[in-house]
Amino acid sequence: DDIPPARSGPLPDKIFFEPDDYLIGQMARAVKQSITTGRPQAVAGLPRLIRVELKPTLVCLTALRDNQLRPFSMTQLPHATARIVPAPSFHEAAGTEVASAAEDFLWNTAAWAARGRLPAGTNPYLPVRLRAWPNFTSACATPHALRIAALWTRTPASPVDIATRLGIPHRYVFSVYSAAHFANLLDARIEPDQIVTAPPPTAPPVAERQARPSILSRILRKLRDAV
């Protein structure tokens with residue numbers, strides 16, 4: 001179920017997920033550590049290693065195929081199952097690895113984990129903007145993702161406002177938000193005059209309301225006509 005268009009109380013837990021319970025939490029941490037330390041890191045503990053490489057571009061490499069990676073991304077992993085280790089200089093799967101841009105890899109891993117939810121702690125009423133168009137040739141396009149991206153790259157708005165403007169369930173926008181958040185495509189530094197919120201339902205003009213007879217007046221008219 002969708003949440004109210006404006007915050008009116010506590011939000012239901014079911015619209016959130018805890019990234020650290022999923023592969024995306026470790027992957028995001030591995031990428032960040034690789035960048036900050038300048039040393040490639042890897043996520044171990046799955047049937048195949050997932051490595052982060054910095055040069056010549058930031059990529060993730062693994063011999064896991066999407067049909068294997070997706071269920072691992074969607075499943076809550078027992079703690080310490082996936083762990084971050086220094087990327088080895090030699091590994092047996094080197095010839096079977098597939099490289100993906102880290103942005104696309106994080107997008108997919110997050111979208112699969114989210115399944116219509118937001119990362120824990122997210123404010124669904126806070127306006128944000130997509131800084132760039134996602135690479136949907138490699139990044140998975142969840143339902144309505146192209147429409148959401150087209151609007152969100154032009155218009156700073158909250159996830160709830162985007163859903164309202166497009167007339168779609170919140171869960172579709174929440175999935176895109178989660179994927180974009182971990183792919184580092186969201187910009188929350190929005191000036192107040194940039195914010196566009198969904199317009200409230202407009203009441204009919206006064207003249208129209210006056211011209212339209214009320215239910216009571218219509219009943220009385222029918223009673224008079226029947227006499």
Side-chain angles (χ1 to χ4, degrees), residues 16-37 39-120 130-149 171-186:
F16 299 106
F17 73 102
E18 179 52 64
D20 287 343
D21 292 340
Y22 295 84
L23 177 59
I24 183 58
Q26 292 291 63
M27 280 307 311
R29 198 171 291 113
V31 170
K32 183 177 180 179
Q33 287 186 20
S34 298
I35 294 172
T36 55
T37 64
R39 298 175 180 176
Q41 303 293 310
V43 172
L46 302 180
R48 294 288 186 271
L49 204 67
I50 305 175
R51 298 190 300 117
V52 180
E53 287 290 346
L54 299 169
K55 298 178 181 179
T57 58
L58 184 62
V59 296
C60 296
L61 302 100
T62 184
L64 290 170
R65 299 299 179 253
D66 280 355
N67 63 343
Q68 299 170 303
L69 188 61
R70 181 169 182 164
F72 280 121
S73 300
M74 295 174 66
T75 306
Q76 291 191 42
L77 301 175
H79 288 291
T81 298
R83 60 192 185 280
I84 299 174
V85 298
S89 56
F90 172 79
H91 38 91
E92 296 178 356
T96 60
E97 287 181 321
V98 174
S100 302
E103 177 185 298
D104 301 339
F105 195 92
L106 292 171
W107 175 288
N108 290 343
T109 311
W112 291 330
R115 301 195 313 277
R117 299 172 295 173
L118 295 164
L130 271 178
R131 294 189 294 102
W133 186 266
N135 178 22
F136 284 124
T137 57
S138 301
C140 71
T142 50
H144 301 286
L146 274 68
R147 295 177 61 206
I148 294 167
R171 64 181 181 276
Y172 297 131
V173 183
F174 291 173
S175 286
V176 171
Y177 179 101
S178 297
H181 169 75
F182 284 101
N184 196 30
L185 290 179
L186 285 183

Discussion item. Please report the interatomic distance CG(Leu69) to CE(Met27), rounded to the nearest 0.5 Å.
Written reply: 8.5 Å
Discussion item. Does Arg39, at its CZ atom, have more than 12 non-hydrogen atoms belonging to other residues, nucleotides or ligands within less than 6.0 Å?
Written reply: no
Worksheet, complete the sentence: When rounded to the nearest 0.5 Å, the distance separating CG of Leu77 from CD1 of Ile24 is 11.5 Å
Fill in: Any side-chain heavy-atom pair of Tyr172 and His144 under 4.5 Å
yes
Worksheet item: Any idea which heavy atoms bring Met74 and Trp112 closest together, and the distance?
Response: CG-O, 3.3 Å
Fill in: Heavy-atom side-chain proximity of Pro40 to Val52 below 4.5 angstrom
no
Discussion item. With heavy-atom distances below 4.5 Å as the criterion, would you say the side chains of Val59 and Arg51 are in contact?
Written reply: no
Worksheet item: Can any side-chain N or O of Asp20 pair as donor or acceptor with the backbone N or O of Gly25 at less than 3.5 Å?
Response: no
Item to complete: Could you pull out the closest heavy-atom pair between Asn108 and Cys140, with the gap in Å?
Response: OD1-N, 2.6 Å
Worksheet item: Looking only at atom types and distance, does a side-chain atom of Ser178 sit under 3.5 Å from a main-chain N or O of Arg117, one as donor and one as acceptor?
Response: yes
Fill in: Partner of Trp107 under ring-ring contact (aromatic ring centres under 6.0 Å, His included), chosen from Phe182, Tyr177, Phe136
Phe136
Worksheet item: What are the two closest heavy atoms between Pro47 and Phe72, and how far apart are they?
Response: CD-CZ, 3.3 Å
Worksheet item: Does any non-hydrogen side-chain atom of Leu54 lie less than 4.5 Å from one of Ile35?
Response: yes
Worksheet item: Measuring from Ser175:OG to Leu118:CG, what's the distance to the nearest 0.5 Å?
Response: 8.5 Å
Discussion item. If you compare all heavy atoms of Ala63 against all heavy atoms of Gln68, which two are closest, and at what distance to 0.1 Å?
Written reply: O-OE1, 4.0 Å
Discussion item. Between Ser34 and Gln41 (side chain of the first, backbone of the second, donor and acceptor by atom type, cut-off under 3.5 Å), is there such a pair?
Written reply: yes
Discussion item. Once rounded to the nearest 0.5 Å, what's the spacing between atom NE2 of His181 and atom CZ of Phe174?
Written reply: 14.5 Å
Discussion item. Just so I know, are the side chains of Pro134 and Leu185 near enough to count as touching, which here means a heavy-atom distance under 4.5 Å?
Written reply: yes
Response to the item:
Of all heavy-atom pairs linking Asp66 and Pro71, the shortest is O-CD, 4.3 Å
Worksheet item: Once you round to the nearest 0.5 Å, how far does SG of Cys60 lie from CG of Asp104?
Response: 9.5 Å
Worksheet item: Are Lys55 and Glu53 close enough, and set up right, to give a salt bridge (charged side-chain N to carboxylate O under 4.0 Å, His left out), and what steps lead you there?
Response: CA-CA 6 Å; Lys55 298 178 181 179; Glu53 287 290 346; over 6 Å; no
Worksheet item: Side chains of Val98 and Leu61: does their closest heavy-atom pair fall under 4.5 Å?
Response: no
Discussion item. Can you confirm whether Pro119 sits close enough to Phe16 that some side-chain heavy atom of one is under 4.5 Å from a side-chain heavy atom of the other?
Written reply: no
Fill in: Spatial distance of atom CD (Glu97) from atom CD1 (Ile50) [nearest 0.5 Å]
10.5 Å
Worksheet item: Ignoring hydrogens and geometry, is there a side-chain-to-backbone donor-acceptor pair from Gln33 to Ala30 under 3.5 Å?
Response: no
Fill in: Val31 vs Leu58, side-chain contact (heavy atoms from CB on, under 4.5 Å): CA-CA, chis, key distance, verdict
CA-CA 9 Å; Val31 170; Leu58 184 62; 4.0 Å; yes
Discussion item. Checking Gln26 against Arg29 for the side-chain hydrogen bond (donor to acceptor under 3.5 Å, both in side chains) test, could you report, in this order, the C-alpha distance in whole Å, the side-chain angles of both residues, the deciding distance, and whether it holds?
Written reply: CA-CA 5 Å; Gln26 292 291 63; Arg29 198 171 291 113; 2.4 Å; yes
Discussion item. Determine whether a donor-acceptor pair (N or O, by modelled atom type, separation under 3.5 Å) exists between the side chain of Thr109 and the backbone of Leu106.
Written reply: no
Worksheet item: Are the side chains of Leu23 and Leu46 in touch, meaning some heavy atoms are under 4.5 Å apart?
Response: yes
